[in-house]
Student: 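Shown below is the structure under consideration.
Predicted model only: the values in this text are computed from it and were never measured.
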Amino acid sequence: MTPTTRYAAAQRRKRQVINRTVIDRALRDPRRVHGTSSGTPTRTHAPAAATAAATAAAAE
């Protein structure tokens, strides 16, 4: 392996580690709204039936 190839491979590994770290930190960020850190998604929208009932009640 030439020094240039070795350097390119090392840079590729470095980028992979950095990208994995950035993604991991973003997923665990407590400011995230659409999910929890435990991996279980939280309900962010009301069910369609409740939304339809509220819209009908507001229209009356």
Student: Considering only NZ, NE, NH1 and NH2 on the basic side and carboxylate oxygens on the acidic side, decide whether D24 and R28 come within less than 4.0 Å.
Tutor: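 Result for this pair is yes, salt bridge flagged.
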
Student: Strictly by salt bridge (charged side-chain N to carboxylate O under 4.0 Å, His left out), give each pair with a member in residues 6-21 just once, sequence neighbours left out.
Tutor: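 Not a single pair qualifies under salt bridge (charged side-chain N to carboxylate O under 4.0 Å, His left out).
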
Student: Could you check T21 against R25 for side-chain contact (heavy atoms from CB on, under 4.5 Å), going step by step and ending with a plain yes or no?
Tutor: CA-CA 6 Å; T21 303; R25 283 184 185 170; 3.8 Å; yes

Student: Give me the other members of the hydrophobic cluster that Y7 sits in, counting Ile, Leu, Val, Met, Phe, Trp and Tyr linked by side-chain heavy atoms under 4.5 Å, directly or via other members.
Tutor: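 The other cluster members (ILVMFWY side chains, heavy atoms under 4.5 Å, direct or chained): none.
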
